[in-house]
Enquirer: 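One structure follows; several queries about it will come next.
The figures here come from the full heavy-atom set of this structure, side chains too, leaving out hydrogens, waters and symmetry mates.
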Amino acid sequence: ARGLATLGLGDYWGRTPLHEAVYHLRCDVVRELLAAAPDALDLLERADRDGATPVHVAAYWSKGRGAKPGASARANKILDLLLEVPLAGGASLDDARSRRLARILDTRDVDGCCPLARAARADGDQLFMVARFLAAGAAVPGDAPAAAKARGNDRVAALLRDELALDGDPALAFDGDDDDVWAAATRGDALAVRAKLARQPGLATVPDVLGRTPLHLAALCGNVECIRLLLAHGAADDDGACYSAAASPEAQFALRGRT
């Protein structure tokens, strides 16, 4: 009993034995720790000093250079073991256990990332991990598709955009190409901006992963025609930031009266 009481204790950095077992991809140790714990969900809820739970640690894993053979399969198996905890031993997912699982999936680390967001930002295409988080009921942060695309994880970005569309945010639905309205506004491609807004008008006001709207990017690059298109589709410069950042008097004139 004394040994069981130490399962949830962390080291100087707040890392529990489960944190370490997940980090080292030890499926056997993860399984034993979860089986031995009086309340395995409690182990999943423990966060280290960086705010990371063992579920975050599983999501940190990436297929970067130097990854050992079989590491991908072990990481995916560990994530399965962790997300199966609420139903371990044939337990039903009652309201209390469901709420605890939801809190685990929504826990933010020191960078403000939930486990799903961390997996979307990982090196390598973590499609299985992201799909597994979605199946467990994880919510998709609005900036996750752009973050995944910025890391070159196009399949993950597509999945997350589709999930956001299903959740009632069609403005972020993946349109199947390798471009987006932010890039089109930056380079001044008014035809591309017009085409994308015709299909998804809500994109006019959606910020990218760095918080920049298409209007801000168009103003920054002095793309007057794009500015006019975006304003016509509901974009606004409420705080005057676009006007201040505008690259030319012509761009400022297009924004005048809309600040």
Enquirer: Between Arg118 and Asp111, does at least one N-O distance fall below 4.0 Å, as a salt bridge requires?
Expert: yes
Enquirer: Which residues pass the salt bridge (Lys or Arg N to Asp or Glu O under 4.0 Å) test with Asp50, sequence neighbours left out?
Expert: none
Enquirer: At their closest point, which heavy atom of Val224 faces which heavy atom of Ala254, and how far apart are they?
Expert: CG1-CB, 4.1 Å
Enquirer: Kindly compute the distance separating CD1 (Ile227) from CD (Gln252), expressed to the nearest 0.5 Å.
Expert: 9.5 Å
Enquirer: To the nearest 0.5 Å, what is the distance between CG (Leu81) and CZ (Arg74)?
Expert: 13.0 Å
Enquirer: By salt bridge (Lys or Arg N to Asp or Glu O under 4.0 Å), which residues pair with Asp48, not counting sequence neighbours?
Expert: none
Enquirer: Over all heavy atoms of both residues, which pair between Ala219 and Cys242 is shortest? Give the atoms and the distance, please.
Expert: CB-O, 3.6 Å
Enquirer: Find out whether Leu134 and Leu159 are in side-chain contact, i.e. whether some heavy atom of one side chain is under 4.5 Å from a heavy atom of the other.
Expert: yes
Enquirer: Under 3.5 Å, is there a donor-acceptor pair linking the side chains of His19 and Thr16?
Expert: yes
Enquirer: With sequence neighbours excluded, what pairs up with Leu217 under the side chain to side chain contact (heavy atoms under 4.5 Å, CB included) test?
Expert: Trp182, Thr186, Asp208, Arg212
Enquirer: Flag the pair Pro214 / Cys226 as yes when at least one side-chain heavy-atom distance between them is below 4.5 Å, and no otherwise.
Expert: no
Enquirer: Does Asp189 reach the main-chain N or O of Val193 with its side chain, forming a donor-acceptor pair under 3.5 Å?
Expert: no
Enquirer: Using side-chain heavy atoms (C-beta onward) and a distance below 4.5 Å, is Leu105 in contact with Leu116?
Expert: no
Enquirer: Grab the two heavy atoms, one from Ala58 and one from Leu79, that are nearest each other, plus how far apart they are.
Expert: CB-CD1, 4.3 Å
Enquirer: Evaluate the criterion side-chain contact (heavy atoms from CB on, under 4.5 Å) for residue pair Leu18 and Arg46; output intermediate values, then yes/no.
Expert: CA-CA 9 Å; Leu18 185 59; Arg46 298 297 177 107; over 6 Å; no
Enquirer: Sequence neighbours excluded, which residues qualify as side chain to side chain contact (heavy atoms under 4.5 Å, CB included) partners of Ala96?
Expert: Asp94, Arg99
Enquirer: According to a hydrophobic-cluster definition based on side-chain heavy atoms being under 4.5 Å apart (Ile, Leu, Val, Met, Phe, Trp, Tyr only), do Tyr243 and Leu220 belong together?
Expert: no
Enquirer: Do you know the tightest heavy-atom contact between Ala190 and Glu225?
Expert: CB-CD, 3.6 Å
Enquirer: Can you list, by chain and residue number, the hydrophobic cluster partners of Trp13 when the side-chain cut-off is 4.5 Å?
Expert: Tyr12
Enquirer: Could you tell me which non-hydrogen atom of Leu197 sits nearest to which non-hydrogen atom of Ala204, and how far apart they are?
Expert: CD2-N, 3.7 Å
Enquirer: Find out whether Asp109 and Tyr60 are in side-chain contact, i.e. whether some heavy atom of one side chain is under 4.5 Å from a heavy atom of the other.
Expert: yes
Enquirer: What distance separates Lys196 NZ from His233 NE2, expressed to the nearest 0.5 Å?
Expert: 13.5 Å
Enquirer: Can you tell me how far CG of Leu44 sits from CG of Leu101, rounded to the nearest 0.5 angstrom?
Expert: 8.5 Å
Enquirer: Please lay out, stage by stage, how His56 and Thr53 fare under the test side-chain hydrogen bond (donor to acceptor under 3.5 Å, both in side chains).
Expert: CA-CA 5 Å; His56 279 94; Thr53 67; 3.1 Å; yes
Enquirer: Please check if the side chain of Asn223 supplies one atom and the backbone of Ala185 the other of a donor-acceptor pair under 3.5 Å.
Expert: yes
Enquirer: Would you call Val22 and Leu82 a side-chain contact if the rule is heavy atoms closer than 4.5 Å?
Expert: yes
Enquirer: Taking Asn153 for the side chain and Ala120 for the main chain, is one N or O donor matched with an acceptor at less than 3.5 Å?
Expert: yes
Enquirer: Ignoring hydrogens, what is the shortest heavy-atom contact between Ala21 and Leu33? Give both atom names and the distance.
Expert: CB-CD1, 4.1 Å
Enquirer: Within this structure, what is the CG-CG distance for the pair Asp154 and Leu127, rounded to the nearest 0.5 Å?
Expert: 11.5 Å
Enquirer: According to salt bridge (Lys or Arg N to Asp or Glu O under 4.0 Å), does anything in residues 9-27 pair up with another residue at least two apart or in another chain? List the pairs.
Expert: Arg26-Asp28
Enquirer: So for atom CZ, which belongs to Arg108, do other residues, nucleotides or ligands contribute more than 12 heavy atoms lying within a distance under 6.0 Å?
Expert: yes
Enquirer: Could you please spell out the steps behind the side-chain contact (heavy atoms from CB on, under 4.5 Å) verdict for Val206 and Thr213?
Expert: CA-CA 6 Å; Val206 175; Thr213 64; over 6 Å; no
Enquirer: Please determine whether a side-chain nitrogen of the Lys or Arg among Asp143 and Arg121 lies less than 4.0 Å from a carboxylate oxygen of the Asp or Glu.
Expert: yes
